[in-house]
Amino acid sequence: MLDLKFVRGNPQKVQDVLTSRGIKYSLKDFIRLDEQRREKLFNVEQMKNRRNVVSEEIGRLKKAGKDVPDMVMEMRDLSRSIKEKDEEIKNVEGRLQEILLDIPNIPHESVPVGKDAADNTVVRKWGKQRNFGFTPRPHWEIGENLDILDFERGGKVTGTRFCFYKGLGARLERALISFMLDLHTGEHGYTEIFPPFMVNRQSMIGTGQLPKFAEDMFKIEGTEYYLIPTAEVPVTNLYGNEILDGGKLPISHCAYSACFRAEAGAAGRDTRGLIRLHQFNKVELVKFCKPGEAYDELEKLTGHAEKVLQLLGLAYQVVVLCTGDLGFSAAKTYDLEVWLPSYSDYKEISSCSNFGDFQARRAGIRYRNNKGKAELVHTLNGSGLAIGRTVAAIIENYQEADGTIIIPEVLRPYMGGLDKIS
RNA sequence: GGAGAGUUGGCCGAGUAGGUUGAAGGCGCUCGCCUGCUAAGCGAGUAUACGGGCAAAACCUGUAUCGAGGGUUCGAAUCCCUCACUCUCCGCCA
């Protein structure tokens with residue numbers, strides 16, 4: 001959420017942002033509502049002031065044994081009008097809030113201007129695409145042949161976009177989770193969190209999934225709880241409505257969680273394999289820092305996610321998202337894309353973003369600065385990494401001509417010393 | 001699921017025959033004094049949000065906030081209702 005005062009003071013800039021993100025909404029209504037609100041507020045506050053003053057006087061006079069029916073009558077009327085005015089203000093504020101909650105973040109100045117994913121720019125590449133001496137096969141084929149992935153039974157037991165991992169496949173999934181968590185806690189200084197996989201509505205609003213993207217979410221029937229689409233949601237909201245000690249910043253958390261996504265707008269895309277499931281595992285990195293540190297922290301966090309790919313020996317590229325492709329809450333995002341032979345292309349495996357104070361304002365996450373003033377923190381997060389897509393990348397990039405899979409060196413301690421899945 | 005207790009400021013904790021209590025007291029923290037050092041001691045200060053004034057900051061001023069929302073009342077932390085959460089006991093359960 002943007003600062004109301006900022007929008008008030010920079011309507012043209014905000015309007016431009018909306019336009020650049022393809023949102024056709026005129027801020028004129030908003031500005032008018034805001035003016036209305038302030039006028040009404042000023043008005044009612046004066047009335048309340050009078051009520052306070054007179055009520056106090058009534059108390060004093062009554063104590064002195066005097067009866068003041070005319071004053072009481074006047075206050076009765078005044079209170080009635082106050083109640084009406086308060087109602088009006090509440091309505092106006094509700095509408096303002098609705099609009100404000102649907103306005104996306106402002107991209108950082110370093111973000112390239114562009115229309116869609118085609119305008120994203122590659123920042124760097126790492127590793128080289130393997131030269132197979134045979135025709136590489138997609139991971140779903142290899143996985144099914146080795147009996148470590150079972151999509152068919154996933155469909156039978158639950159439905160489309162669900163999958164069973166089996167035997168060494170399940171082991172590989174678990175190994176990756178442990179490997180990533182160990183790396184981030186041991187080498188990168190993150191404190192591990194194991195969060196709830198369901199959150200309430202307020203938390204979803206805090207990180208920006210709601211109210212705008214309700215159709216992407218699974219809601220638990222009969223409750224106000226939602227399945228989390230990423231650990232970002234519970235972990236960022238961990239400090240919601242708190243004022244943190246500035247000396248403790250930056251705070252770095254990593255968290256494993258299952259992630260649940262409805263994939264409402266993705267019908268027909270990535271229908272095969274592990275790439276786009278309704279449920280997948282992910283290790284997430286989350287940071288809370290002071291405003292001045294955020295962009296340094298973004299580079300660091302991105303580097304931490306890259307480190308996972310490097311240690312696994314997977315070729316990837318780093319892409320900076322252009323204004324048109326940027327997520328709703330983000331001010332700047334780097335996507336890490338891993339080389340996937342079955343796609344003959346790089347495919348997103350991590351998304352690392354700085355949200356500035358956008359989420360912090362929604363969730364109420366502040367810290368006390370060195371002047372003793374409460375100030376919004378800046379929040380960041382990134383996948384470190386998406387587990388399912390990592391499994392896919394390992395299967396495809398480490399496959400042998402005979403259909404077996406070499407296990408990357410760093411994972412072997414987590415796989416009972418095994419060096420191959422066959 | 002049944003029965004009961006609770007939810008006050010950064011923390012602890014007062015505060016019910018409704019009235020000047022944003023809220024006693026303590027702790028913590030900040031600044032100053034004092035002091036070989038440290039500790040102790042002394043003094044002052046120490047919430048947030050949203051308005052108004054100011055070009056703006058400082059500052060001044062108003063309103064709101066004692067879990068959330070509603071009600072009663074001239075006036076509510078204090079009374080009533082609903083909800084959420086926490087705790088205890090019972091039941092159930094991994």
Side-chain angles (χ1 to χ4, degrees), chain A residues 1-10 30-101 194-206 219-220 222-226 234 237-249 251 258 288 357-377:
Chain A
M1 187 164 66
L2 300 181
D3 184 7
L4 174 63
K5 286 177 189 153
F6 178 84
V7 180
R8 187 185 295 153
N10 305 272
F30 183 84
I31 300 294
R32 207 193 57 240
L33 276 174
D34 177 50
E35 275 162 13
Q36 253 181 52
R37 167 176 173 267
R38 278 183 292 163
E39 193 186 312
K40 288 176 189 289
L41 204 56
F42 184 72
N43 216 293
V44 81
E45 283 181 357
Q46 285 188 323
M47 291 163 77
K48 285 181 179 173
N49 180 235
R50 171 150 173 83
R51 179 175 68 183
N52 288 346
V53 170
V54 175
S55 289
E56 218 174 289
E57 182 66 16
I58 291 174
R60 239 192 308 269
L61 292 172
K62 283 216 168 174
K63 214 163 237 175
K66 287 184 185 147
D67 213 15
V68 283
D70 47 334
M71 282 171 96
V72 170
M73 281 305 283
E74 189 203 334
M75 286 307 102
R76 186 176 298 172
D77 289 344
L78 183 62
S79 267
R80 220 187 324 258
S81 339
I82 286 174
K83 192 176 275 182
E84 282 168 21
K85 292 275 180 202
D86 269 343
E87 197 66 31
E88 288 174 29
I89 290 169
K90 212 169 124 187
N91 285 338
V92 172
E93 285 187 336
R95 276 150 73 196
L96 279 170
Q97 186 73 357
E98 266 174 45
I99 295 167
L100 218 43
L101 283 173
F194 189 89
F197 290 1
M198 295 181 206
V199 297
N200 60 29
R201 183 177 165 77
Q202 183 51 51
S203 296
M204 284 295 198
I205 290 173
K219 188 178 182 191
I220 309 295
T223 72
E224 272 303 310
Y225 296 156
Y226 296 81
N237 282 286
L238 190 57
Y239 302 114
N241 290 317
E242 292 189 29
I243 299 177
L244 303 169
D245 175 0
K248 297 250 168 66
L249 298 176
I251 294 172
F288 306 83
D357 62 14
F358 189 86
Q359 293 182 326
R361 183 171 296 107
R362 289 172 161 245
I365 311 168
R366 293 175 294 178
Y367 78 103
R368 216 165 275 290
N369 65 21
N370 49 23
K371 283 181 195 149
K373 276 286 171 198
E375 189 177 353
L376 293 168
V377 302

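Letters A, B, ... are given to chains in the order of the sequence lines, protein chains preceding strands, and every chain is numbered from 1. As the structure is a computational prediction, the values presented were derived from the model and not from experiment.
For B/G1, the paired nucleotide is B/C90, the pair qualifying as Watson-Crick or G-U wobble because both relevant distances are below 3.5 Å. A 3.5 Å limit on both hydrogen-bonding distances identifies no Watson-Crick or G-U partner for B/G22. Using the Watson-Crick or G-U wobble rule with both distances under 3.5 Å, B/G45 pairs with B/C29. Across all strands shown, B/G6 is found opposite B/C85 as a Watson-Crick or G-U wobble partner, with both distances under 3.5 Å. As the counterpart of B/A17, no nucleotide is assigned, since no Watson-Crick or G-U wobble pattern has both distances under 3.5 Å. Taking a pair to require two hydrogen-bonding distances under 3.5 Å in either a Watson-Crick or a G-U wobble arrangement, B/C37 remains unpaired. Of all nucleotides present, none satisfies the Watson-Crick or G-U wobble test against B/G75 with each distance under 3.5 Å. Across the strands present, B/C59 finds its partner in B/G53; the criterion is a Watson-Crick or G-U wobble pair with both atom distances under 3.5 angstrom.
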A/Asn237 vs A/Met204, side-chain contact (heavy atoms from CB on, under 4.5 Å): CA-CA, chis, key distance, verdict: CA-CA 9 Å; A/Asn237 282 286; A/Met204 284 295 198; over 6 Å; no
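A/Asp86 and A/Lys83 are not joined by a salt bridge, as no carboxylate oxygen comes within less than 4.0 angstrom of a charged side-chain nitrogen. A salt bridge links A/Glu57 with A/Arg60: at least one charged nitrogen is closer than 4.0 Å to a carboxylate oxygen.
Using a 4.0 Å heavy-atom distance criterion, A/Lys40 is classed as making no nucleic acid contact. As judged by a 4.0 angstrom heavy-atom cut-off over every strand, A/Leu4 is placed among residues touching the sugar-phosphate backbone only. Contacts of A/Arg201 with the nucleic acid, taken as non-hydrogen atoms under 4.0 Å apart, are absent. Across all strands shown, A/Arg60 has heavy atoms under 4.0 Å from base atoms, whether or not it also approaches the sugar-phosphate.
Nucleotide B/G62 holds its C1' atom 6 Å from the CD atom of A/Glu45, rounded to whole Å. Distance, A/Asp77 CG to B/U73 C1': 14 Å, rounded to whole Å. One atom, CZ of A/Arg37, and another, C1' of B/A64, lie 12 Å apart when rounded to the nearest Å. Rounding to whole angstrom units, CE of residue A/Met47 and C1' of B/G75 are separated by 16 Å. Rounded to whole Å, atom P of B/C85 lies 16 Å from atom CG of A/Asn237. A straight line from CZ of A/Arg368 to C1' of B/A49 spans 13 Å, rounded to a whole angstrom. Taking atom CG on A/Asp67 and atom C1' on B/C74, their separation rounds to 12 Å, with Å as the unit. Taking atom CG of residue A/Asn200 and atom C1' of nucleotide B/A68, one finds them 13 Å apart after rounding to whole Å.
Regarding contacts with the backbone of B/G70, a side-chain N or O of A/Lys90 is found under 4.0 angstrom from either OP1 or OP2. At B/U73, none of the side-chain N or O atoms of A/Ser79 fall inside 4.0 Å of OP1 or OP2 (strictly under the cut-off).
Side-chain contact check for A/Ser203 and A/Asn200: at least one donor-acceptor pair (N or O, by modelled atom type) lies under 3.5 Å.
Distances were taken from every side-chain heavy atom of A/Arg76 (C-beta onward) to each of B/G51, B/C74, B/G62; the shortest belongs to B/C74. Which of B/A64, B/U20, B/C50 sits closest to the side chain of A/Leu41 comes down to B/C50. Considering only side-chain atoms of A/Arg38, the nucleotide from B/G51, B/A47, B/G69 that sits closest is B/G51. With B/G19, B/G69, B/C50 as the choices, the nucleotide that has an atom nearest any side-chain atom of A/Ser55 turns out to be B/G19. Checked against B/A64, B/C85, B/G62, the side chain of A/Tyr225 finds its nearest nucleotide in B/C85. In this structure, of B/G75, B/G69, B/G19, it is B/G19 that holds the atom nearest to the side chain of A/Lys62. The side chain of A/Ala374 has B/U48 as its nearest neighbour among B/U20, B/C74, B/U48. The side chain of A/Arg51 approaches B/A64 more closely than any other nucleotide in the set B/G19, B/G71, B/A64. Closest contact between the side chain of A/Asn49 and the listed nucleotides B/G62, B/G51, B/G19 involves B/G62.
Only the P atoms considered, B/A3 is 30 Å distant from B/G9, to the nearest whole Å. A gap of 46 Å separates the C1' atoms of B/A5 and B/G32, to the nearest Å. For the C1' atom pair drawn from B/U73 and B/C31, the interatomic distance equals 45 Å after rounding to whole Å. Separation of the C1' atoms belonging to B/A47 and B/U8 is 13 Å when rounded to the nearest angstrom.
Toward the 5' end of RNA chain B, the nearer of the two residues A/Arg366 and A/Asn52, judged by each one's closest nucleotide, is A/Arg366. Remark on RNA chain B: of its neighbouring residues A/Lys83 and A/Lys48, the 5'-side contact belongs to A/Lys48, judged by nearest-heavy-atom nucleotide.
No side-chain donor-acceptor contact under 3.5 Å links A/Arg8 to the backbone of A/Glu35. Remark: the backbone N or O of A/Glu93 is not paired with any side-chain donor or acceptor of A/Arg37 at under 3.5 angstrom.
Contact between A/Arg366 and A/Val377 at its shortest, heavy atoms only, is C-CG1, 3.8 Å.
Within a 6.0 Å radius of CZ in A/Phe197, other residues, nucleotides and ligands contribute more than 12 heavy atoms.
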